[in-house]
Asks: 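Mind looking over this structure? Questions follow.
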Amino acid sequence: MPELPEVETVRKTLVELVVGKTIKEVTVGWPKIIQHPLEYEQFQDALQGQTIIDVNRKGKFLIFILDDYALVSHLRMEGNYRLKNEDDPKDKHTHIIFHFKDGTELRYRDVRKFGTMHLFTKGTEETVPPLSKLGPEPFSKSFTTNYLKEKFAKTERIIKAVLLDQTIVTGLGNIYVDEVLHRAEIHPERKAKSLTDQEIARLREQAAATLQESIAVGGSSVNTYMNSHGLTGSYQEQLLVYGRKGEACLQCGEQIEKIKAAGRGTHFCPNCQKI
DNA sequence: TAACGTACCTGTGCGC
DNA sequence: TGCGCACAGGTACGTT
């Protein structure tokens, strides 16, 4: 499932593949993916003749910058983009196709149809949801120990739930939250407000480091994620706890456990991460 | 208002 | 072998 490092990898490849291309028309096979405007025909009409100027990212959202619009795309669980020629065979899970004037097309494929797209007038996209609700990214200047301390003090939730909350910190998903908590030696079911200053500092540091290390190797490729070249990342080889239930902890040798926390499958080492 | 539960989806894996 | 069910998970929205 794409989290911040995977989305960043997709963004980089999209910049190489589609910047400068002009959209001839758009095919929408599953209208529910288009969240804004409400009528998908308006989405199709607006995109006709638009050239892709850049591809940005905020948290796990991709932002296609066009002449007059910004297309905000979330891949959710299994969404991915592939650049194809118009005569290449179609796949049954391809739901949106951006046909370019040069005969190529950008295909949005999403087995579970969870992904979303919002089209806004350029310049307004950051002022409305979903982007306006996002908190800072783990490597932004505003993501400080004091910022976290303030947020944690105001909630009764466990740390796992708080780190998954994109309004607190954007970019972490289930995999990286487990990894960051293990690296910071914090039990996922600890109340966020119970963390010491030292633990919060460790958490902040590990969140930034984990994501940066993953971006450097192209993200992780758990399950079905692929970037737009059809290539996979390699960070999954460095995962310390996620998907390793019953295996030995690489730090201490204790068996990795899997529980349900914040409604999500949660992996941790009961020895390194004591409650 | 905060926190929790559920819906959205489909492929996969497991048990019977 | 084949069927049916539980599970996976990010976010929005409804409920408590």
Side-chain angles (χ1 to χ4, degrees), chain A residues 1-8 10-11 28-38 40 57-63 72-81 91-96 108-118 120 125 128-135 137-138 150-181 188-194 207 211 214 219-226 235-236 239 241-246 256-268:
Chain A
M1 56 229 68
E3 298 185 27
L4 191 151
E6 290 75 41
V7 178
E8 175 59 16
V10 172
R11 187 197 69 78
V28 176
W30 191 259
K32 277 190 175 178
I33 290 170
I34 314 301
Q35 301 276 305
H36 188 272
L38 292 174
Y40 75 90
R57 180 191 57 72
K58 187 171 183 186
K60 302 176 203 170
F61 289 88
L62 287 164
I63 310 165
V72 178
S73 166
H74 197 301
L75 305 173
R76 294 284 181 99
M77 316 301 299
E78 298 184 7
N80 61 67
Y81 284 101
D91 172 275
K92 71 168 180 171
H93 298 301
T94 296
H95 305 304
I96 312 282
Y108 177 72
R109 187 176 180 278
D110 190 345
V111 171
R112 284 152 86 173
K113 302 173 178 169
F114 267 23
T116 58
M117 292 185 194
H118 293 75
F120 299 113
E125 69 275 9
V128 289
L131 297 186
S132 65
K133 294 165 77 175
L134 300 179
E137 294 189 351
E150 229 170 76
K151 292 287 184 188
F152 291 176
K154 286 181 191 163
T155 183
E156 294 297 322
R157 287 183 292 171
I158 59 172
I159 186 66
K160 168 97 185 191
V162 174
L163 293 180
L164 284 172
D165 184 343
Q166 303 295 300
T167 68
I168 306 271
V169 51
T170 183
L172 294 176
N174 201 40
I175 298 172
Y176 289 105
V177 167
D178 284 2
E179 292 302 306
V180 168
L181 286 173
E189 289 182 306
R190 287 268 305 278
K191 284 231 177 183
K193 61 168 31 169
S194 77
L211 294 190
S214 183
S220 54
S221 302
V222 178
N223 297 333
T224 55
Y225 157 73
M226 268 189 277
Y235 191 75
Q236 72 279 3
L239 295 176
V241 285
Y242 185 86
R244 298 192 61 244
K245 178 189 170 188
I256 301 298
E257 285 185 16
K258 185 182 180 187
I259 57 170
K260 199 155 194 170
R264 296 283 172 253
T266 300
H267 304 75
F268 73 103

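Because the structure is a prediction, the values reported are computed rather than measured. Hydrogens, waters and symmetry mates play no part in the numbers below; they use all other heavy atoms, side chains included.
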Asks: Select from K260(A) and F61(A) the residue whose nearest nucleotide in DNA chain C is closer to the 5' end of that strand.
Replies: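 Whichever sits nearer the 5' end wins; that is K260(A).
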
Asks: What do you reckon, do F114(A) and the base of dC8(B) stack, with centroid distance below 5.5 Å and planes below 30°?
Replies: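 By the stated criterion, F114(A) and dC8(B) stack.
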
Asks: Measure from the side chain of H74(A), starting at C-beta and using heavy atoms only, and say which of dG10(C), dC9(B), dA3(B) lies closest.
Replies: dG10(C)

Asks: Does a salt bridge link D110(A) with R76(A), judged by any charged N lying under 4.0 Å from a carboxylate O?
Replies: no

Asks: With a cut-off of less than 4.0 Å, is there a side-chain N or O of K133(A) near OP1 or OP2 of dT11(C)?
Replies: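 Indeed not, no polar side-chain atom of K133(A) lies that close.
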
Asks: For R264(A), which contact category applies under a 4.0 Å heavy-atom criterion: base, sugar-phosphate, or nothing?
Replies: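 Result for R264(A) = base.
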
Asks: Report yes or no: do S73(A) and Y81(A) form a side-chain donor-acceptor pair below 3.5 Å?
Replies: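 Present: a donor and an acceptor within the cut-off.
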
Asks: Please tell me which of the listed nucleotides, dA3(B), dG11(B), dC9(B), lies nearest to the side chain of R112(A)?
Replies: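 Among the listed nucleotides, the one closest to the side chain of R112(A) is dC9(B).
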
Asks: One thing to verify: whether K60(A) and E3(A) come together as a salt bridge, which I'm taking to mean a side-chain N less than 4.0 angstrom from a carboxylate O.
Replies: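 Salt bridge flag = no for K60(A) with E3(A).
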
Asks: State whether Y242(A) places a side-chain N or O below 4.0 Å from either non-bridging phosphate oxygen (OP1 or OP2) of dA8(C).
Replies: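 No, Y242(A) has no side-chain N/O under 4.0 Å of OP1/OP2 on dA8(C).
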
Asks: Could you tell me the separation between the CG atom of D165(A) and the C1' atom of dT11(C), rounded to a whole number of Å?
Replies: 11 Å

Asks: OH of Y176(A) versus P of dG10(C): gap in Å, rounded?
Replies: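 It is 12 Å, rounded to the nearest whole Å.
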
Asks: Whole angstrom is fine here: how far is it from CG in L75(A) over to P in dC8(B)?
Replies: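 My rounded result for the distance is 22 Å.
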
Asks: Tell me what P129(A) touches on the nucleic acid: a base, only sugar-phosphate, or nothing, going by heavy atoms under 4.0 Å.
Replies: nothing

Asks: Is there a side-chain polar atom (N or O) of H93(A) under 4.0 Å from OP1 or OP2 of dT10(B)?
Replies: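 Answer no for this pair, as no side-chain N or O of H93(A) is under 4.0 Å from OP1 or OP2.
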
Asks: Rounded to the Å, how far apart are K151(A) NZ and dA3(B) P?
Replies: 12 Å

Asks: Inspect the contact between D165(A) and K151(A) and indicate whether a charged nitrogen and a carboxylate oxygen are less than 4.0 angstrom apart.
Replies: no

Asks: Angle between ring planes, H74(A) versus F61(A), binned at 30° and 60°: parallel, tilted or perpendicular?
Replies: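 The rings of H74(A) and F61(A) stand perpendicular, inter-plane angle above 60°.
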
Asks: Is the phosphate of dA3(B), meaning OP1 or OP2, less than 4.0 Å from a side-chain N or O of R157(A)?
Replies: yes

Asks: Does dC9(B) have its OP1 or OP2 closer than 4.0 Å to a side-chain nitrogen or oxygen of K32(A)?
Replies: yes

Asks: Under 4.0 Å from OP1 or OP2 of dT10(B): is there any side-chain N or O of K113(A) that close?
Replies: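 For dT10(B), OP1 or OP2 has a side-chain N or O of K113(A) closer than 4.0 Å.
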
Asks: Assess whether a salt bridge exists between E189(A) and K160(A), defined as any Lys/Arg side-chain N lying under 4.0 Å from an Asp/Glu carboxylate O.
Replies: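 No, no charged N to carboxylate O under 4.0 Å.
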
Asks: Which of the following nucleotides, dA12(C), dT10(B), dG10(C), is nearest to the side chain of K60(A)?
Replies: dG10(C)

Asks: In this structure, how many angstroms lie between the P atom of dG10(C) and the CG atom of L134(A), rounded?
Replies: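 Whole-Å distance recorded here is 14 Å.
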
Asks: Looking at dT11(C), I'd like to know if its phosphate oxygens (OP1 or OP2) sit under 4.0 Å from a side-chain N or O belonging to T116(A).
Replies: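 For dT11(C), neither OP1 nor OP2 has a side-chain N or O of T116(A) closer than 4.0 Å.
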
Asks: Could you tell me how far apart L4(A) (CG) and dT11(C) (P) are, to the nearest whole angstrom?
Replies: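 Distance, rounded to whole Å: 11 Å.
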
Asks: Rounding to an integer number of Å, can you tell me how far I33(A) CD1 sits from dG10(C) P?
Replies: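 It is 18 Å, rounded to the nearest whole Å.
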
Asks: Does dG10(C) have OP1 or OP2 under 4.0 Å away from a side-chain N or O of Q166(A)?
Replies: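 Checking dG10(C) against Q166(A), no side-chain N or O comes under 4.0 Å of OP1 or OP2.
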
Asks: Between dA8(C) and K258(A), is there an OP1 or OP2 to side-chain N/O distance shorter than 4.0 Å?
Replies: yes

Asks: What is the distance from NE2 of H95(A) to C1' of dC8(B), rounded to the nearest Å?
Replies: 13 Å

